[in-house]
Amino acid sequence: MDHRRGVAAGQLPGNGDLSGRPAPLSPDSPESLLDLVALPGSRRLRFAPSPTGQLHIGNVRTALLSYCLTGNEGRFLVRIEDTDRERYRPEAVPENLATLAWLGLAWDEGPDIGGPCDPYIESERLHYYRAAADRLLDVGAAYPCFCSRERLEELRAAQRAAGLPTRYDGRCRTMPQAESQAAIAGGADHVVRLRMPPGQSRWEDLVLGPQEFQNEEIDDQILIKSDGFPTYHLAQVVDDHLMGITHVVRGVEWVPSTPKHLAVYAALGWEAPALAHVPLVLGPDHKKLAKRHGAMAVSEYREMGYLPEALANFLAFLGWSPGTEEEIFSLAELRSRMSFERLQSSPAIFDQPRLDYLNGVWIRRLAVSDLAKRLAEFLPQATSEQLTEIAAMVQERIRRLDEVPALLEFAFNEPSPTVELLRGQLTPEAARQFLKLADPLLDGDLEELMERLKEAEAGSLPEDAKQAKQRFKECMQVLRVAITGQRVSPPLPESISLIGREAAHRRIAMAIEQLAQTA
RNA sequence: GCCCGCAUCGUCUAGCGGUCAGGACACCACCCUUUCAAGGUGGUAACCGGGGUUCGACUCCCCGUGCGGGUACCA
C-alpha cells in the first residue's frame with residue numbers, strides 16, 4: 001500500500017523538453033497518464049512553493065501548518081510550482097528547500113529526494129497537464145480561446161469603465177470545434193479555457209465552514225497558457241490528484257478561485273481533496289504583510305538571530321492554539337497536537353515583540369554547547385572555547401543571537417570609554433582610588449572576586465547600610481566600564497575571565513591614568 | 001464597482017447560552033540583584049454598533065460599520 005504510484009512511468013515527453021511547446025503525447029490513450037492506481041490510506045499534504053524568490057513569512061506559515069497538520073502518520077511533500085516562466089528564478093529552488101529544512105519541516109517526498117510520484121517539479125510534468133487539458137477539451141469542459149491579450153485588456157478596461165465585473169466575455173466559448181481545430185492546425189496562438197459550468201459550487205471548508213459560490217460569477221479561467229504551460233489552477237488540481245493529496249492547506253486568497261478547481265476535479269471525474277483556507281498574516285497596520293513592514297524573507301529572520309524553534313512556535317500560534325494555557329511548543333509537539341478544528345478563521349497580526357519573547361525562551365532552553373554552535377555565525381572571530389564561554393554568559397540575557405556582538409564588543413576590541421562614562425556617579429578621584437584598590441584583587445579566585453571587592457570597599461567611610469550598598473554599586477560600574485567600556489555587560493568575573501587577567505589589569509591601568517589626567 | 005471572508009484587552013488568544021470574560025506578549029510598579037537580563041509578585045487593559053431569538057447573550061440569526069481577500073496567459 002506504500003506504492004501509491006499514481007502514474008504510468010516512462011512517458012516523459014521529448015527528453016525533458018522545457019522549451020514551452022508541449023511534446024506530442026504518445027498516440028495510445030493519454031488518459032492512462034491520469035489514472036491514479038491506488039489511493040492512500042493516510043493523510044498526504046503538500047507545500048508547493050513557486051520559485052520566484054525567497055520564501056517569506058506568509059509562505060512558510062502555510063508550509064508549517066501543512067507540515068503540522070500532516071500529523072505523525074501522514075506524509076508531507078514538497079512540489080515545485082514553476083509554471084510561471086516569466087518570474088522563474090532557478091536559484092530559488094535550492095533556497096526555498098534550504099529554508100524549509102532550516103525550519104525543520106522535513107518532507108517525505110520532494111524534488112530532491114524523489115518519491116513514488118516523481119517528478120516533483122511541475123515543469124517536468126507538462127505531459128500530465130496536457131493530457132488533462134485534452135480530456136477536458138474532449139468532454140467539452142474546456143475550449144480553445146484565440147483572443148489576444150490586447151483584446152482582453154480592452155475588454156477589461158471597458159467593463160471597468162461600465163462598472164461591471166471584469167470577466168472574459170466568452171467570445172470563443174461557442175466556436176464550432178471544426179473552426180477551432182482548423183485554427184490550431186494553422187498554428188494560431190491560443191490558450192485553453194475552462195468552461196465554467198452553470199449552477200453553484202459548494203464545499204465544506206475545514207477552516208471557514210460551508211462555502212457557496214454562484215458559478216455564473218466565476219470567470220472562464222485559463223488552464224493552459226499560450227506557451228503551453230499550465231496555470232496554477234490546472235497544475236495544482238492535476239498534481240494534487242495524481243499525488244494523492246488528501247488535504248489542501250492554503251491562504252484565503254485562494255477562496256475565490258476554488259470553484260474553478262472544483263469544476264476541474266468534477267469534469268475529470270476526480271474527487272477533490274479536503275480544503276482548508278487559512279487566514280492571512282497581517283502587518284502591525286492590519287494590512288497584508290509586505291516588504292514595507294520590515295523583514296519578509298525567512299532568511300532575514302535567521303540573520304537576525306531568531307531560532308527556527310522560536311519562529312515555528314510563534315508562527316503556529318498565528319491562527320492556532322491548543323485550547324489550553326500552554327504556549328511553548330516544539331515542532332514535534334505542534335505536529336502531534338495541531339488539528340483543523342482548532343484553526344482560527346480570523347487574520348492574525350505579526351507581533352515581533354512576542355516573537356522576541358519566544359526566541360528568548362528558546363535560547364534559554366538550549367544546551368550551552370548548542371547555543372555556542374549557533375552563535376558561531378554571529379561571532380566569526382571567536383574560537384570554539386570562547387564560544388562556549390560566551391554562550392554560558394549571554395544565554396540568560398539575550399533574546400536574539402545578533403545581540404551578542406554588541407554585548408561582547410569588549411572581548412574582541414580594546415574599549416575606549418570617556419572619562420564621563422568611566423566615573424559614572426563618582427568623582428574622578430574617587431573612581432581612581434577605587435580602581436587602584438580593586439586592581440590587585442583581580443588576581444585571586446574570580447568566583448570570590450565580588451566578595452573581596454565588597455570587603456575592600458566597605459569600611460572606607462562610615463555609612464548606613466543603604467548608602468554603602470549604593471556606593472558599592474557605583475564602584476562596580478566604574479570597574480565594569482574600565483574593563484568592558486560598557487555600562488551593560490555580562491557579570492564582571494565572567495567578563496574578566498573572557499579577556500584574561502592581564503588585559504583586565506592593563507585596561508584598569510589605562511583607566512586610572514585617564515582619570516588622573518582630569519582629576 | 002462586483003464577489004467572498006473576518007470581527008474578545010494595543011498584540012497572540014481561551015470562551016463553543018448562565019464565567020468576577022481566563023492566559024501570554026508588551027507596558028507600569030515593587031522584590032531579587034555588581035550592570036543588563038532572567039526570575040518572582042501585583043497592576044492598567046477587551047466582547048465594533050443596532051436590531052432580533054431566549055428566562056438569560058461575548059456566544060445563535062439579521063442589518064450596519066470597519067478591516068481583509070479576490071476580480072491576470074502570477075501564484
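In what follows, every chain begins at residue 1, and chains take the letters A, B, ... in the order their sequences are listed.
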What protein N or O atoms touch nucleotides 19-22 of chain B N or O atoms at under 3.5 angstrom, if any, and at what distances?
{"residue": "B:G22", "atom": "O2'", "partner": "A:E325", "partner atom": "OE2", "Å": "2.9"}

Nucleotide N/O to protein N/O under 3.5 Å, stretch nucleotides 57-66 of chain B:
none

Could you pull out the protein-nucleic contacts involving nucleotides 10-12 of chain B (nitrogen or oxygen on both sides, under 3.5 Å)?
{"residue": "B:C12", "atom": "OP1", "partner": "A:I349", "partner atom": "N", "Å": "2.9"}
{"residue": "B:C12", "atom": "O3'", "partner": "A:F317", "partner atom": "O", "Å": "3.3"}
{"residue": "B:C12", "atom": "O2'", "partner": "A:F317", "partner atom": "O", "Å": "2.8"}

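Between the side chains of A:H261 and A:D240, no donor N or O sits under 3.5 Å from an acceptor N or O. No hydrogens or angles considered: a donor-acceptor pair under 3.5 Å links the side chains of A:R480 and A:Q477. Side-chain contact, A:Q214 with A:Q200: a donor N or O sits under 3.5 Å from an acceptor N or O. One side chain, A:S201 or A:N215, offers a donor N or O that lies under 3.5 Å from an acceptor on the other. For the residue pair A:T484/A:Q486, the side-chain donor-acceptor check at 3.5 Å is not satisfied. In this model, no donor atom of one side chain and acceptor atom of the other lie less than 3.5 Å apart for A:Q221 and A:T231.
A:R354 and A:E327 are joined by a salt bridge, as a carboxylate oxygen and a charged side-chain nitrogen come within less than 4.0 angstrom of each other. Between A:R364 and A:E396 there is no salt bridge, since no side-chain N of the basic residue sits under 4.0 Å from a carboxylate O of the acidic one. Looking at A:R171 and A:D220, no side-chain N of the basic residue comes within less than 4.0 Å of a carboxylate O on the acidic one, giving no salt bridge.
Every residue meeting the side-chain hydrogen bond (donor to acceptor under 3.5 Å, both in side chains) condition with A:D356, not counting sequence neighbours, appears here in chain and number order: A:Y306.
Between A:L315 and A:V60, the closest side-chain pair of non-hydrogen atoms falls below 4.5 Å.
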Nucleotides 69-75 of chain B: protein proximity per nucleotide (B base, S sugar-phosphate only, - neither; heavy atom, under 4.0 Å): SSSSBBB

Heavy-atom protein contacts under 4.0 Å, nucleotides 28-49 of chain B, coded B base, S sugar-phosphate only, - none: ------BBBBSS----------

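Within the structure, a side-chain polar atom (N or O) of A:Q344 is placed less than 4.0 Å from OP1 or OP2 of B:A14.
Between the side chain of A:R452 and the main chain of A:D445, a donor-acceptor pair closer than 3.5 Å is present.
Within 4.0 Å of A:L164, counting heavy atoms only, lies at least one base atom of the nucleic acid.
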